[in-house]
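Heads up: the structure comes next, in structure tokens.
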Amino acid sequence: MRKTLVMGLGGAGMNIASRVKQELGCDILAVNTNAATLASSPFDQRLQIGASSCEGKPAQSVHRGQLAAEESLEDLRYSIRGADRLILLTGLGGGTASGASPVIVDLALEMGIEVIMVATLPFDFEKPQRAAAQEALALLEKKNIRLILHDHAKALQPGKALLDYYNKASADIAVDVQKLLAE
Ligand SMILES: Nc1nc2c(ncn2[C@@H]2O[C@H](COP(=O)(O)OP(=O)(O)OP(=O)(O)O)[C@@H](O)[C@H]2O)c(=O)[nH]1
Ligand SMILES: [Mg+2]
């Protein structure tokens with residue numbers, strides 16, 4: 001049997017991952033620069049990255065997210081070892097998500113792990129996040145991975161609360177993960 005590791009990366013990635021955990025009951029590795037978010041999360045496996053570059057706080061830029069993953073490369077390697085397949089859940093646009101995910105993908109590929117990334121894209125009104133997501137996507141699209149994208153901008157309807165979109169994306173991604181786990 002193939003061994004699949006599900007990872008929730010960054011704040012959105014961890015929120016999505018908790019829904020996936022709730023619905024599918026699978027083990028999840030939570031990865032974030034933000035120590036407080038990790039500490040209050042429901043995951044058994046947690047990895048703080050970039051303790052020096054981010055000092056336990058949100059990365060806030062693609063550059064710092066990248067530095068965080070590079071700084072913690074050996075911890076990441078240790079945490080994903082033994083998996084044949086990585087399902088990486090994240091909300092592109094965040095510093096951690098956009099900066100760390102290309103580094104984590106490269107590490108996994110180098111270790112011979114198949115990578116499937118399931119990511120949300122920011123709303124149009126999140127201008128800097130949208131730019132960060134595009135920057136990350138330009139890198140990720142060149143890599144030998146499967147990318148499944150859920151674009152918040154395309155889902156936008158008047159009068160709906162942000163949380164409704166987040167919940168819908170999380171529910172849709174739980175379905176994606178269920179299908180992937182059944183493959
Ligand atoms: N689906 C979903 N999307 C979210 C959620 N929270 C934020 N987002 C989206 O995800 C993007 C990234 O936000 P975060 O996850 O907070 O960013 P991060 O990866 O933690 O990066 P830093 O906070 O800079 O360390 C945002 O721009 C939103 O578009 C959530 O709970 N669910
Ligand atoms: Mg965050």
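Counting starts at 1 for both ligands and their atoms, following the listed order. Computed from a predicted model, the values in this text were never measured in an experiment. Hydrogens, waters and symmetry mates play no part in the numbers below; they use all other heavy atoms, side chains included.
- The heavy atom nearest to atom 15 (O) of ligand 1, considering only A12, S18, A171, is found in A12.
- The single protein non-hydrogen atom nearest to atom 1 (N) of ligand 1 is H152 NE2, 3.4 Å, given as residue, atom name and distance.
- Where the criterion is an N or O separation shorter than 3.5 Å, residue side chain and backbone included, E126 meets it with respect to ligand 1.
- Distance alone, capped at 3.5 Å, places no donor-acceptor pair between the Q48 side chain and the L38 backbone.
- I148 is listed as a side-chain neighbour of L180, based on a closest heavy-atom distance under 4.5 Å.
- Counting the atoms of ligand 1 from 1 in the order shown, those under 4.0 Å from a heavy atom of P122 are 29 (O).
- For the pair A97 and ligand 1, the shortest N or O to N or O distance falls below 3.5 Å.
- Residue contact check: Q129 has heavy atoms under 4.0 Å from atoms 27 (O) of ligand 1.
- Atom 25 (O) of ligand 1 has T96 OG1, 2.6 Å as its closest protein atom, hydrogens excluded (heavy atom only).
- Between the side chain of S98 and the backbone N or O of L92 there is no donor-acceptor pair closer than 3.5 Å.
- Of all the atoms in ligand 1, the ones that sit under 4.0 Å from a non-hydrogen atom of G10 are 19 (O), 20 (O).
- Near P58, meaning under 4.0 Å from one of its heavy atoms, ligand 1 places the atoms 22 (P), 23 (O), 25 (O).
- Residue-ligand proximity, G95 to ligand 1, at heavy-atom distances under 4.0 Å covers atoms 21 (O), 22 (P), 24 (O).
- Residue L9 has no nitrogen or oxygen atom sitting less than 3.5 Å from a nitrogen or oxygen atom of ligand 1, judged on distance alone.
- Heavy atoms of T33 found under 4.0 angstrom from ligand 1 belong exclusively to the side chain.
- When only non-hydrogen protein atoms are considered, atom 17 (O) of ligand 1 lies nearest to G94 CA, 3.1 Å.
- Salt bridge R77/E110: present, at least one basic N to carboxylate O contact under 4.0 Å.
- Looking at G91, G11, A59, S61 and measuring to atom 11 (C) of ligand 1, the nearest heavy atom belongs to G91.
- Of all non-hydrogen atoms in R81 and M111, the two that sit nearest each other are CA-CE, 3.8 Å.
- No N or O atom of A169 sits closer than 3.5 Å to an N or O atom of ligand 1.
- A distance-only check finds no donor-acceptor pair linking the side chain of Y166 to the backbone of A161 [under 3.5 Å].
- Neither the backbone nor the side chain of H150 comes within contact range of ligand 1; no heavy atom lies under 4.0 Å.
- In this structure, atom 2 (C) of ligand 1 lies nearest to the protein heavy atom Y166 CD2, 3.3 Å.
- If you chain together hydrophobic residues whose side chains sit under 4.5 Å apart, V105 and L29 fall into the same group.
- With a 4.0 Å cut-off on non-hydrogen atoms, N15 touches ligand 1 through its side chain and not its backbone.
- By the 4.5 Å heavy-atom criterion applied to side chains, L47 and S72 are not counted as neighbours.
- Ligand-side atoms of ligand 1 in range of Q60: 22 (P), 24 (O), 25 (O), range being under 4.0 angstrom from any heavy atom.
- Proximity of a side-chain donor or acceptor of T90 to a complementary backbone N or O of L9 within less than 3.5 Å is detected.
- The pair K168-D172 counts as a salt bridge, with a side-chain nitrogen and a carboxylate oxygen less than 4.0 angstrom apart.
- A donor-acceptor pair under 3.5 Å is absent between the side-chain atoms of R46 and the main chain of A30, judged by distance alone.
- Judged purely by atom type and a 3.5 angstrom limit, E126 has no side-chain atom pairing as donor or acceptor with the backbone of G93.
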